[in-house]
Number of protein chains: 2
Amino acid sequence: MLTIGKLGKAAGVKVPTIRYYEQIELLPEPERSAGNQRLYGQSALDRLAFIRHARELGFPLDAIRDLLSLSDEPDQSCAAADVIAKKQLTAVKARIARLMALKAELERMIAQCAQGTVADCRVIEVLSDHSHCAQDHRTSGAAE
Amino acid sequence: MLTIGKLGKAAGVKVPTIRYYEQIELLPEPERSAGNQRLYGQSALDRLAFIRHARELGFPLDAIRDLLSLSDEPDQSCAAADVIAKKQLTAVKARIARLMALKAELERMIAQCAQGTVADCRVIEVLSDHSHCAQDHRTSGAAE
DNA sequence: GTAAGGTCTCTAGTAGCTATAGCTTCAAGA
DNA sequence: TCTTGAAGCTATAGCTACTAGAGACCTTAC
């Protein structure tokens, strides 16, 4: 059994964040010790690590709730799971596409910023110029 | 001269966000029309487009402030901007890698759903496993 | 000249945490 | 066994980066 601090370290999540997740019911209420301290098992660690990674990937907590429900209710109808999975897959694909474009842009920036002075460094120039964009982000929905 | 709405459209930034950036002094106070409406020129558009792109790349506003100040002092070394860009590139690459893993798992689930079973959902497994991480995010600073 | 729609300021709300205060519990050493 | 210092508890407030109203004013097209 892990205390909240150990759990946080194991999952890479800060203690107050864990309590916050419990408050918004993303994590179930854990057991308590005789002295009222939270005690967690392996499943809580898995769940928290999942949340952490999904957050890093930019998923809002609502989407994470959806994803968690896929494993929380393994017997739910395939149709429901399918809808959630497809919706998230669409989001994931869009996110990958946009990140690829951003990666290319960053690499170009770094290549152009070859150890000179800002006078020849085009970092800012590149980042202010829409024409360098691989895709038109002005029409894309709010992704972050 | 552009009104705030035109500027927002041109840069892909919402009107209240522009006013917010002015309030926190990321954008200088613009000229005003006789009727007190904001009027912007090309330099404001460049600056705003830069901010927009940098935000998309995951730079926090403080880092953007730094980058903008670098461009105001063009004799400084480019190294600082380069370091920030490289750090962001690393983060972007790691995100792409993990999104690819999630995408594969979602696709697997959807394929299985088509066959009528959802019993062994491994979405959490895929994203809860630290070993899939490209880098040890547990020590990295806040990425977002 | 009037109607629609853009813009103004101001305040308040949002997501997702993060920090602080003031207290209690736990574990390890003397 | 006592103590002491870290870790935990609740509750509340604050943070970043916006976003959404309300209610009034400006601009433009017919």
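All values reported here derive from a predicted model rather than from experimental measurement. So that the names make sense, note that chain A is the first sequence line, chain B the second, and so on, each numbered from 1.
Residues passing the side chain to side chain contact (heavy atoms under 4.5 Å, CB included) test with A/Thr90, sequence neighbours excluded: none. Remark: B/Ser33 engages B/Gln37, B/Leu39 in a side chain to side chain contact (heavy atoms under 4.5 Å, CB included) (not counting sequence neighbours). Every residue two or more places apart in sequence or in another chain that forms a salt bridge (Lys or Arg N to Asp or Glu O under 4.0 Å) with A/Lys87 is listed here: A/Asp66.
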Notebook entry, point to check: How far apart are the C-alpha atoms of B/Lys93 and A/Glu107, what are their side-chain angles, what is the distance that settles it, and do they pass the side chain to side chain contact (heavy atoms under 4.5 Å, CB included) test?
Noted result: CA-CA 11 Å; B/Lys93 281 179 175 170; A/Glu107 278 167 345; 3.7 Å; yes
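Using a 4.0 Å cut-off, no side-chain N or O of B/Tyr21 falls inside it from OP1 or OP2 of D/dA17. At D/dT19, one or more side-chain N or O atoms of B/Thr17 fall inside 4.0 Å of OP1 or OP2 (strictly under the cut-off). The side chain of B/Ser33 places an N or O atom within less than 4.0 Å of a non-bridging phosphate oxygen (OP1 or OP2) of D/dT27.
In this structure, A/Leu2 places its CG atom 16 Å from P of C/dC26, rounding to the nearest Å. Between B/Lys14 atom NZ and D/dA20 atom C1' the separation is 10 Å, expressed in whole Å. Separating the CZ atom of A/Arg55 from the P atom of C/dA15 is a distance of 12 Å, rounded to the nearest angstrom. The interatomic distance linking A/Glu22 (CD) with D/dA11 (P) rounds to 12 Å, in whole Å. If you measure from atom CD of A/Glu29 to atom P of D/dG8, you get 18 Å, rounded to the nearest angstrom. The distance between atom CD1 of A/Ile18 and atom C1' of C/dG16, rounded to the nearest whole Å, is 15 Å.
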Next item on the list: Quick one, give me the B/S/- string for nucleotides 3-8 of chain C, reading 5' to 3', where B means a protein heavy atom under 4.0 Å from the base and S means that only happens at the primed atoms, P, OP1 or OP2.
Entry: ---BSS
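Between atom OG1 of residue B/Thr3 and atom NZ of residue B/Lys9 there is a gap of 9.5 Å, rounded to the nearest 0.5 Å. A distance of 10.0 Å separates OH in A/Tyr40 from CG in A/Leu2, rounded to the nearest 0.5 Å. Distance check, rounded to the nearest 0.5 Å: CD1 of A/Ile4 to CG of A/Leu48 gives 9.0 Å.
The same ILVMFWY cluster, assembled from side-chain heavy atoms under 4.5 Å apart, contains both B/Met100 and A/Val92.
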Sort me out a list of protein N/O and nucleotides 12-16 of chain D N/O pairs below 3.5 Å, or just none if empty.
none

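For the residue pair B/Ala10 and B/Leu45, the shortest heavy atom distance occurs at CB-CD1, 3.7 Å. The heavy-atom pair separating B/Ala49 from B/Ala11 by the smallest distance is N-CB, 4.3 Å.
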Just list the side-chain donor-acceptor pairs under 3.5 Å for residues 14-31 of chain A, sequence neighbours left out, or say none.
{"from": "A/Glu22", "atom 1": "OE1", "to": "A/Arg38", "atom 2": "NE", "distance (Å)": "2.7"}

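Axis deviation across the helix from C/dG1-D/dC30 to C/dA30-D/dT1 amounts to 10°, comparing end segments of five pairs, rounded to 10 degrees.
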